[in-house]
Amino acid sequence: MPDNAPRAIASALLHWYDHNARDLPWRARPGANAPDPYRVWLSEVMLQQTQVASVIPYFDKFTRTWPTVEALAASEDADLMAAWAGLGYYARARNLLACAREVARRGAFPDTEQGLRELPGVGGYTAAAIAAIAFGRRAVVVDANVERVVSRLFAVEDVLPGAKAKIYALTDSVTPELRSGDFAQAMMDLGSGICTARSPKCLLCPLREHCAGFAGGTPERYPRKAAKPPKPQRFGTMFWLERDGAVLLVRRPDKGLLGGMRALPTGAWADSPPGLADPPAKAEWKLLTETVSHGFTHFNLDVALAAATLSSHAGAAVEGEWWPVADLESAGLPTVFAKAARQFRRMLCAV
DNA sequence: AAAGCGTGGCA
DNA sequence: TTGCCAAGCTT
């Protein structure tokens, strides 16, 4: 029978963390003062549904460009969106700017979980994480790592997402009064390095003797999750309109998929290939032989590629920005468009 | 409250 | 190759 004594669990985990914490750019150095709330907030937003390795280069770039929340608040929308390009879930970037401006207006971040929760883009997890890590408050921090660790520790049979309330209560029961921020980060380090989704390394785990999942012999069976419905396949067309060495880019509407981002013009997505519907201008469009495939969270997309060239004097009334093809890297295109742009340039060069 | 919202890594 | 998964939030 495993020992689920909360204090023993917290103590074992914190001791492990003191010797095994990852050195991450947003963490305070051991023995240093509490980390800067701006850096904690920025990292937590970037880390929503996103792995550490993907975040690090973006975090470095953002903190170099905008060292303070006031600097970020003063940035242009388009610059921030372009800097976020490639990281995904672009509503985070729109909320990031709104939040920075709100915090700059107030003069500081709120220092309670409840106050933080009111900021744009800050939900239950992020508010708890910032309150605990940046402000030293006791907070119950539950992300996907914690869900996995706790559901194994207590062999939770309930199926997610229904099990969230129970897992929150169990996490509460093991969260210490002191160092709850370190405790949360320790849980996440444990979840990402040892208590992994597949093939957990139980023999290295500091909580092994407390773990009901390990005692039962099949810890990887937790957390139990409802089966996901299959992703639909959708189709579309992207348009490459070139004039004098520049390509036409548009800004996508603020709401919806890739909202607010620079993009190649597209037609609407459809359930079957839409061909040359909805071109951005009248031109002699040629469909390329190659298509581009991309997986989004909730559907897979197959896009046809259509290309045309305008002469120098044409296209005066076309809506959008003419972006130098040689400088397309700096446009900040989401990955699906960057992928298509590479394909366009390969194929058009080859002609 | 269920659905919409990116991307890259891994087996 | 395909499917699964990751430091969730918003409406």
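Order of the sequence lines fixes the chain letters, A, B, ..., with proteins taken first and strands second; residue numbering starts at 1 for each chain.
For B:dT7, the OP1/OP2 oxygens have a side-chain nitrogen or oxygen of A:T335 closer than 4.0 Å. For B:dG8, neither phosphate oxygen OP1 nor OP2 lies less than 4.0 angstrom from any side-chain nitrogen or oxygen of A:K339. Residue A:R94 places no side-chain N or O under 4.0 Å from the OP1 or OP2 atom of C:dC9. Listed pair A:Y90 / B:dT7 meets the phosphate criterion, a side-chain N or O lying under 4.0 Å from OP1 or OP2.
Annotation for A:P334 and A:M261: closest pair CG-CB, 3.6 Å, computed over non-hydrogen atoms. The two residues A:F299 and A:L257 make their nearest non-hydrogen contact at CZ-CD2, 3.8 Å. Between A:K339 and A:S293 the shortest heavy-atom distance is NZ-O, 3.1 Å.
Contacts of A:P230 with the nucleic acid, taken as non-hydrogen atoms under 4.0 Å apart, are absent. Nucleic acid contact for A:W26: base, since at least one base atom lies under 4.0 Å from a heavy atom of the residue. Counting any heavy atom pair closer than 4.0 Å across all strands shown, A:K255 reaches no nucleic acid atom. Within 4.0 Å of A:L24, counting heavy atoms only, lies at least one base atom of the nucleic acid. At a threshold of 4.0 angstrom between heavy atoms, the contacts of A:G124 are confined to the sugar-phosphate backbone, with no base atom among them. Looking at heavy-atom distances under 4.0 Å, A:G191 makes no contact with the nucleic acid at all. Within the 4.0 angstrom heavy-atom criterion, base atoms lie near A:V52.
Between A:Y38 and A:W41, the angle of the ring planes lies from 30° to 60°, which puts this pair in the tilted group.
Tracing side-chain contacts under 4.5 Å through hydrophobic residues (I, L, V, M, F, W, Y), one never reaches A:V247 starting from A:W322; they form parts of separate clusters.
Look at NZ on A:K228: it is 13 Å from C1' on B:dA3, rounded to the nearest Å. The separation between A:Q49 atom CD and C:dC5 atom C1' is 9 Å, rounded to whole Å. The distance between atom CZ of A:R198 and atom P of C:dG3, rounded to the nearest whole Å, is 14 Å. If you measure from atom CZ of A:F299 to atom P of B:dG4, you get 10 Å, rounded to the nearest angstrom. A straight line from CE of A:M261 to P of B:dC5 spans 15 Å, rounded to a whole angstrom. Rounded to an integer number of Å, the gap from A:H294 NE2 to B:dG8 P is 7 Å. Atom-to-atom, CG of A:L96 to C1' of C:dC9 comes out at 13 Å; the value is rounded to the nearest Å. Regarding A:R252, its CZ atom lies at a distance of 9 Å from the P atom of B:dC5, rounded to whole Å.
Closest approach to the A:H298 side chain among B:dG4, C:dG8, B:dT7 is made by B:dG4 (side chain taken as heavy atoms from C-beta onward). With distances taken from any side-chain atom of A:L258 to the nucleotides C:dA6, B:dT7, B:dG8, the minimum falls on B:dT7. Side-chain proximity of A:Q51 to C:dC4, B:dG8, B:dT7: nearest is B:dG8.
Between the side chain of A:T50 and the base of B:dG6, at least one donor-acceptor pair of N or O atoms lies under 3.5 Å. No donor-acceptor contact under 3.5 Å links the side chain of A:T126 to the base of C:dG8.
Where A:N300 and A:P120 each meet DNA chain C at their nearest nucleotide, the meeting point lying more 5' is that of A:N300.
Judged by distance alone, the side chain of A:R27 and the main-chain N or O of A:R22 form a donor-acceptor pair under 3.5 Å.
Rounded to whole Å, the P atom of C:dC9 lies 22 Å from the corresponding atom of B:dG8.
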